[in-house]
Number of protein chains: 2
Amino acid sequence: MTEPLYKTVIGTLIDRIISGELVPGAMLPSEHDLGTELGVSQGTARKALEELERRGIIKRRQGVGSFVAVRTPENAMFQFFRLRNPDGTQAIPDLAEEAVSSRNAAACEAGQLSGAPEKVHEIVRVRTIGGARLIYEKSVVPAVLFPGLDQRAPLPNALYALYQQAFRIAIVRAEESIRAIAADQETASALGCAVSRPVMRVERKAFDIADRCVELRSSFYVTDHHAYGISLS
Amino acid sequence: MTEPLYKTVIGTLIDRIISGELVPGAMLPSEHDLGTELGVSQGTARKALEELERRGIIKRRQGVGSFVAVRTPENAMFQFFRLRNPDGTQAIPDLAEEAVSSRNAAACEAGQLSGAPEKVHEIVRVRTIGGARLIYEKSVVPAVLFPGLDQRAPLPNALYALYQQAFRIAIVRAEESIRAIAADQETASALGCAVSRPVMRVERKAFDIADRCVELRSSFYVTDHHAYGISLS
DNA sequence: CTGCGTCAGTCTTGTATAAGAATTCTCCTA
DNA sequence: TAGGAGAATTCTTATACAAGACTGACGCAG
């Protein structure tokens, strides 16, 4: 056998989560049962579960069990919303405006999104912090993966919780490109600020549990009183 | 015993690296020898070594051995220098100007740096990419941890490799706050750009293997043709 | 005698397995 | 209602074997 047993177990569990056999919040078989079922020892099953926990796909609690990770509004904010208050605490944004539309994918969007979709949904939102319009973001997702998303307004604050609950798509990781630019006309009017004012532009590619790119997001932040906080390791 | 054995082993190994008993590049005892020496089994020693590898403190190679990680100019760039070319490849900066000075620590610096140092060294540098002045950075380190740093000019491109080789301080992780601001007079003249032009400002706190904050760095980037690339997971 | 390739030996980490300890929750009982 | 026994789970530790990698001895050709 070329592939280690525990990697086969990992693949089996991921397949079950993708197929919907294991839904978010569901309890996985215990280490012992999983080993018996798949014909491996408890230790091997355990090694697979440990790696899935490191990747954020499941949660384990001693004495309780292992569970498929649930993307709640809270943890989605904490993990993927990086704007911080001056004291370092998490900034909590409110939703001010929202527009959802359906359109044909641009060539560069189709090239980056999984499945090279023809149709996409676009979600444009303006967010406020303490009443000030500080965030303008445009998200693009393949229509085929998110059927009916354009008829669900108003959308919740945390999109990734919705993605998981309504469309069975769990965002696991993201890649971002950050730059400082001068606000263009569109951004300035959305944020109610002056044209050519410095804003932070973040281009995000979000990947699901199967490592497919399922969302492109372009965000613009006013960072006068808040900063984007990240960790390098 | 309240603390698991393998965590004790981790602490022992980290202490040996901090003390200089294990220098960068040195080979650690094999799993078997380490277990015998510390009175634990090979499996327990292995669990400790696996976690140290996950934390980037050591490197392991099957059939060869385990080695204390070496901070080379290449991997320091790759891990902590996040500016990327438009095609996503790593941008490689050159050094244009450099000034090293020694001064008293400001209150906010002493409060953040490990040991609340009175004296600090300040390294101010301008970097270029393809000949264009795109990066202006100011690093502040405690003088007591970096004796004689101010007499070492010219400094190498990758400071963190120098920190490890010359001062036995290994930067393991960093926290950054990012914002888009208008360039002030000082930054604009350093970068040779217009005042109030949008630039990206990155405030970094760098931590060593003992999780002490040993460097504060304030960087300013011109991001017209390059972007700051990060991963969220 | 020298140079080179091969192959066995040995040292290393990687993988698989198992048993007992610690933790958590449930449920029964006083 | 409080407390304790019990069952279920993960966590810790231990051991055996497999796989990869370097070393050195050996043999053979030049």
Side-chain angles (χ1 to χ4, degrees), chain A residues 1-17 21-70 72 75 209, chain B residues 1-17 21-70 72 75 209:
Chain A
M1 200 175 317
T2 165
E3 188 186 53
L5 279 182
Y6 75 94
K7 293 201 174 181
T8 307
V9 176
I10 291 175
T12 301
L13 291 174
I14 288 186
D15 287 344
R16 288 188 188 177
I17 296 175
E21 180 180 341
L22 289 172
V23 300
M27 180 172 173
L28 278 73
S30 72
E31 296 177 353
H32 177 272
D33 292 355
L34 189 62
T36 303
E37 177 190 341
L38 300 181
V40 301
S41 77
Q42 182 213 10
T44 301
R46 173 180 175 67
K47 189 160 182 174
L49 292 169
E50 280 176 337
E51 177 159 339
L52 287 176
E53 182 174 42
R54 271 196 296 274
R55 286 162 53 177
I57 294 175
I58 69 172
K59 275 286 185 188
R60 317 187 72 206
R61 281 173 54 206
Q62 181 172 358
V64 183
S66 301
F67 304 85
V68 181
V70 178
T72 65
N75 68 24
I209 192 177
Chain B
M1 197 174 318
T2 165
E3 188 185 54
L5 279 180
Y6 76 94
K7 292 203 173 181
T8 307
V9 175
I10 291 175
T12 301
L13 290 174
I14 288 185
D15 287 345
R16 289 188 187 177
I17 295 175
E21 181 181 340
L22 287 172
V23 300
M27 180 172 172
L28 279 72
S30 71
E31 296 177 353
H32 177 272
D33 292 355
L34 189 62
T36 303
E37 177 191 341
L38 300 181
V40 299
S41 79
Q42 184 206 12
T44 301
R46 187 183 62 252
K47 187 159 181 174
L49 293 169
E50 281 175 342
E51 177 159 339
L52 287 175
E53 181 174 42
R54 270 196 297 273
R55 285 162 53 176
I57 294 175
I58 69 172
K59 276 286 183 187
R60 316 188 73 205
R61 281 173 54 207
Q62 182 173 359
V64 183
S66 301
F67 304 85
V68 182
V70 178
T72 65
N75 67 26
I209 192 176

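Throughout, protein chains are lettered first and strands after them, A, B, ... in sequence-line order, and every chain is numbered starting at 1.
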- Between D/dA7 atom P and A/His32 atom NE2, what is the distance in whole Å? 16 Å
- Does anything in residues 39-55 of chain B reach DNA chain C, meaning a heavy atom under 4.0 Å, and if so which residues? B/Gln42, B/Arg46
- Query: Rounded to the nearest 0.5 Å, what separation is found between the OG1 atom of B/Thr8 and the CG atom of B/Leu38?
  - Reply: 9.5 Å
- Separation of B/Asp33 atom CG from C/dC11 atom P, in whole Å? 10 Å
- Message: From CD1 of A/Ile58 over to P of D/dT9, roughly how many Å is that when rounded to an integer?
- Response: 14 Å
- Query: Can you tell if the side chain of B/Val64 reaches within under 4.5 Å of the side chain of B/Phe67, non-hydrogen atoms only?
  - Reply: yes
- Message: I want to check one thing: is the phosphate of C/dT12, taken as OP1 and OP2, less than 4.0 Å away from some side-chain N or O of B/Ser66?
- Response: no
- Query: D/dT10 P sits how many Å from A/Lys59 NZ, rounded?
  - Reply: 15 Å
- With respect to the side chain of B/Met27, which nucleotide from C/dT12, D/dT9, C/dT24 is positioned closest? C/dT12
- Task: Please state how far atom CZ in B/Phe67 lies from atom C1' in C/dC11, giving the value in whole angstrom units.
- Result: 12 Å
- Message: Measuring to OP1 and OP2 of C/dG14, would you say a side-chain N or O of B/Arg60 lies under 4.0 angstrom away?
- Response: yes
- Task: Take atom CZ of A/Arg61 and atom C1' of C/dA22, then tell me their distance rounded to the nearest Å.
- Result: 15 Å
- Message: Tell me the interatomic distance from B/Glu31, atom CD, to D/dT15, atom C1', rounded to whole angstroms.
- Response: 13 Å
- Item | Pairwise 5' ranking along DNA chain C for A/Tyr6 and A/Gly63, keeping only the more 5' one | A/Tyr6
- Looking at B/Ile58 and B/Ser66, what are the two nearest heavy atoms and their distance? CD1-CB, 4.3 Å
- Task: Give a yes or no on this: more than 12 heavy atoms of other residues, nucleotides or ligands lie within 6.0 Å of atom CZ of A/Arg54.
- Result: yes
- Per B/Gln62 side chain, nearest of listed nucleotides D/dA21, C/dG14, D/dT12: C/dG14
- Separation of A/Leu34 atom CG from D/dT9 atom C1', in whole Å? 13 Å
- Message: Restricting to non-hydrogen atoms, name the atom on B/Ala45 and the atom on B/Val40 that form the minimum distance, rounded to 0.1 Å.
- Response: N-CG2, 4.2 Å
- Message: What I want to find out is whether A/Arg46 reaches A/Glu50 closely enough, with some N-O distance under 4.0 Å, to be called a salt bridge.
- Response: yes
- Indicate yes or no for a side-chain donor-acceptor contact from A/Asp33 to the backbone of A/Leu28 under 3.5 Å, with no hydrogens or angles considered. no
